[in-house]
Amino acid sequence: MSSIERTDDLFFAQTGMDRANVERTVNDALAGTDDGELFLEYNQSESLVWDDGKLKSASFDTTQGFGLRAVSGETTGYAHAVNLDEKAIKRAADTVKAVKGGHAGTMELPPQGTNRHLYDEANPLQGKDFADKIKLLQEIDAYVRASDSRVHQVSASLSGSWQAVQIIRAGGWRASDIRPLVRLNISVVTRQGERIEAGGMGGGGRLEYARWFDPQEWRHLADEALRKSLVNLEAVDAPAGEMTVVLGPGWPAVMLHEAIGHGLEGDFNRKKTSAFSGLMGQQIAAKGVTIVDDGTIDQRRGSLTIDDEGTPSQCTTLIEDGVLVGFMQDRLNARLMGVKPTGNGRREGFSSQPYPRMTNTIMRSGTHTQEEIIASVKKGIFAVDFGGGQVDITSGKFVFTASEAYEIENGKIGRPVKGASLVGTGFEALKRISMIGDDSMMDGGIGTCGKNGQSVPVGVGQPTMRIDQMTVGGRGG
């Protein structure tokens, strides 16, 4: 059964709605507007948390609803409801018509074509029994505690969701997608004397739970979480000042996502509130820096067969060899900027409007090995993993805290350090990249991005890279 047939069953056969009537209502609501759609959603989700030797919480939720949007110029009318019935959609249509006052627009053409399937449509929540999931969390807890006598506390969480969407536009155009998503997170607290430190590791993607029930997979996550916690037990205070910083591959690209990626989203540039506004075609990064947003990678957390407006996802080059060449676009901002949408129109759910958002944002590999990059640094910091951070989109200023980092002395990795904060701006960081590794890799599948009060799953990736003269905040000398 195709995704359109499965979603027809969810949204019409099971609700009693007549598809032809719904399509007529959408046609009436969007007549004379520039764009708009009816977004139908059905979502099942669950979360289990094992903490301190017991099941701390378990939840299961089913939500469904619709959002109807009409767009005239840059004005949007939006109405949503949890009732999947024709009367509710009709009331919503009467509401969003208000944006058409005095406007006679030409309806934007619908997205053309569809992507190949990037993930299996099976519902991961139905693949394993509740007892099996509890047993997995217990096994993780027991395995970590038996691994080292310094383990003080273990927390493991398993979560999954199955989202079905159908998008209906004027003229009977329809698109659908069925999106699985799972995630396993493990956190370990270790204690040595009076000192207590933590480490964590996670993995996930658009697939079923089966991968994370494989002992080889979850033990790798558990071993890494424990290793990071033990490394932090030995860490000394990070030095402070201007110095060379080497970023490790994979998850450290969260800094790239926040400090640079958001500034390359279409709405910020159309409104000229991004630090990158007006710089299209200019050299904004060091030679060799190529950054893409790619929503088409199989089973990745940020991947989408179609975005939440029905546009097929794609690989969009944002920066090529240091030159700004593209922005991420939804339909509204693409139309107003005179360019094509890039499949980046995303929303948290039916009650939210779509905005241009990242999918999987990745820096391409360079030519240097990690060993060459480390060996080139006389004194600096090697940041392997990151915790939280803050960024100002308008100025590009950021502060990020490294959760795993090491000293670099005379080309060699030294002691682990704690409390290292990296301070700078996206512009400075891009231009001060002096060496790019040949080892670009994606994060483990744990990223979540926030914007305008909405959260969506994303991926990040990068190679090892050297950034010169970066400000490091720390308590050491």
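Along the sequence shown, residues carry numbers from 1.
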Exercise answer: donor-acceptor pairs, residues 277-287 side-chain atoms, under 3.5 Å, sequence neighbours excluded:
unit_1	atom_1	unit_2	atom_2	d
S277	OG	S274	N	3.3
S277	OG	S274	O	3.0
Q283	NE2	A285	O	3.0
Q283	NE2	D321	O	3.1
K287	NZ	D321	OD2	3.0

Distance-only check: which donor-acceptor pairs under 3.5 Å involve side-chain atoms of residues 348-358, not counting sequence neighbours?
unit_1	atom_1	unit_2	atom_2	d
E348	OE1	S455	N	3.0
R357	NH2	C449	O	2.8

Which side-chain N or O atoms in residues 242-252 pair as donor and acceptor under 3.5 Å with protein atoms at least two apart or in another chain?
unit_1	atom_1	unit_2	atom_2	d
E242	OE2	T471	OG1	2.5
W251	NE1	F386	O	3.2

Could you walk me through whether L184 and R211 pass the side-chain contact (heavy atoms from CB on, under 4.5 Å) check? CA-CA 10 Å; L184 173 65; R211 176 177 175 180; over 6 Å; no
Would you sort out whether Q166 and D8 count as a side-chain contact (heavy atoms from CB on, under 4.5 Å), showing the intermediate values? CA-CA 8 Å; Q166 187 173 130; D8 274 350; 3.2 Å; yes
Could you go step by step and tell me if R364 and V292 meet the side-chain contact (heavy atoms from CB on, under 4.5 Å) rule? CA-CA 8 Å; R364 298 298 196 197; V292 302; 3.7 Å; yes
For S303 and D298, run side chain to side chain donor-acceptor pair (under 3.5 Å): C-alpha distance rounded to whole Å, both residues' side-chain angles, the deciding distance at 0.1 Å, then the answer. CA-CA 7 Å; S303 295; D298 286 355; over 6 Å; no
I would like to know whether R301 and T448 meet side chain to side chain donor-acceptor pair (under 3.5 Å); could you show each step before the answer? CA-CA 9 Å; R301 182 173 171 85; T448 299; 3.0 Å; yes
Step by step, would you call T361 with D293 a side chain to side chain donor-acceptor pair (under 3.5 Å)? CA-CA 4 Å; T361 309; D293 187 82; 2.8 Å; yes
In sequence, state the C-alpha distance, the side-chain angles, and the governing distance for L256 and I291, and then conclude on side-chain contact (heavy atoms from CB on, under 4.5 Å). CA-CA 9 Å; L256 174 83; I291 299 172; 3.3 Å; yes
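In this structure, the side chains of M201 and I186 stay at 4.5 Å or more apart for every pair of heavy atoms. The side-chain heavy atoms of E309 and I167, taken from C-beta on, include no pair separated by under 4.5 Å. At least one side-chain heavy atom of T76 sits less than 4.5 Å from a side-chain heavy atom of V71. Using a 4.5 Å cut-off on side-chain heavy atoms (C-beta onward), F327 and T316 make no contact. The shortest side-chain heavy-atom distance between V417 and V236 falls under the 4.5 Å cut-off. Side-chain atoms of V22 and I168, non-hydrogen and from C-beta on, do get closer than 4.5 Å to each other. The side-chain heavy atoms of S313 and T359, taken from C-beta on, include no pair separated by under 4.5 Å.
A salt bridge between E37 and R347 is present, with a side-chain N of the basic residue lying under 4.0 Å from a carboxylate O of the acidic one. With salt bridges taken as basic N to acidic carboxylate O contacts below 4.0 Å, none links R335 and D35. Between D28 and R24 there is no salt bridge, since none of the side-chain N atoms of the basic residue sits less than 4.0 Å from a carboxylate O of the acidic one. Look at R300 and D294 and you find no salt bridge, because none of the NZ, NE, NH1 or NH2 atoms lies under 4.0 Å from a carboxylate O.
For the side-chain contact (heavy atoms from CB on, under 4.5 Å) test, residues two or more places apart in sequence or in another chain that qualify with L336 are E74, R270, L332. In this structure T95 satisfies the side-chain contact (heavy atoms from CB on, under 4.5 Å) test together with A79, sequence neighbours excluded. Residues that satisfy the ring pair (Phe, Tyr, Trp, His ring centres under 6.0 Å) test with F400, not counting sequence neighbours, are F398. Qualifying ring pair (Phe, Tyr, Trp, His ring centres under 6.0 Å) partners for F427, counting only residues two or more places apart in sequence or in other chains: F276. Legend: residues meeting side chain to side chain donor-acceptor pair (under 3.5 Å) with T394, ordered by chain and number and at least two apart, are absent. By the ring pair (Phe, Tyr, Trp, His ring centres under 6.0 Å) test, Y209 pairs with no residue at all, sequence neighbours left out. Take N123 and apply the side chain to side chain donor-acceptor pair (under 3.5 Å) test, not counting sequence neighbours, and it matches Q44.
Nearest heavy-atom pair, S161 versus N43, reported as atom, atom and distance to 0.1 Å: CB-OD1, 4.0 Å. Nearest heavy atoms, A29 versus L68: CB-CD2, 4.1 Å. Taking each heavy atom of G266 and Q329 in turn, the nearest pair found is CA-OE1, 3.5 Å. Across every non-hydrogen atom of S403 and N232, the tightest pair is O-OD1, 3.4 Å. Taking all atoms of both residues into account, the shortest heavy-atom contact from G414 to Y406 is O-CD2, 3.8 Å. In this structure, I433 and I467 approach most closely via the heavy-atom pair CG1-CG1, 4.1 Å.
Between the CD1 atom in I373 and the CE atom in M465 there is a gap of 9.0 Å [rounded to 0.5 Å]. Once rounded to the nearest 0.5 Å, the distance linking CG of L422 with CE of M470 reads 5.0 Å. Residue I362 holds its CD1 atom at 12.5 Å from OG1 of T290, rounded to the nearest 0.5 Å.
At least one donor-acceptor pair under 3.5 Å links the side chain of N360 to the backbone N or O of G302. In this structure, the side chain of S176 engages the main chain of I4 through a donor-acceptor pair within 3.5 Å. T369 places a side-chain N or O within donor-acceptor distance of the main-chain N or O of E372, the cut-off being under 3.5 Å. A distance-only check finds a donor-acceptor pair linking the side chain of D307 to the backbone of G310 [under 3.5 Å]. Of the possible donor and acceptor atoms, none in the side chain of D439 sits under 3.5 Å from a partner among the backbone N and O of S365. Counting only distance, with no hydrogens or angles, the side chain of T7 and the backbone of S3 share a donor-acceptor pair below 3.5 Å. Judged by distance alone, with hydrogens and angles left aside, the side-chain atoms of R206 form a donor-acceptor pair with the main-chain N or O of P180 at under 3.5 Å. A donor-acceptor contact shorter than 3.5 Å links the side chain of S440 to the backbone of M363.
Listed by first and then second residue, the salt bridge (charged side-chain N to carboxylate O under 4.0 Å, His left out) pairs involving residues 449-467 are E265-K451, D267-K451, R466-D468 (not counting sequence neighbours). Among residues at least two apart or in separate chains, salt bridge (charged side-chain N to carboxylate O under 4.0 Å, His left out) pairs with a member in residues 403-419 are E197-K418, R227-E404, K379-E409, E407-R415.
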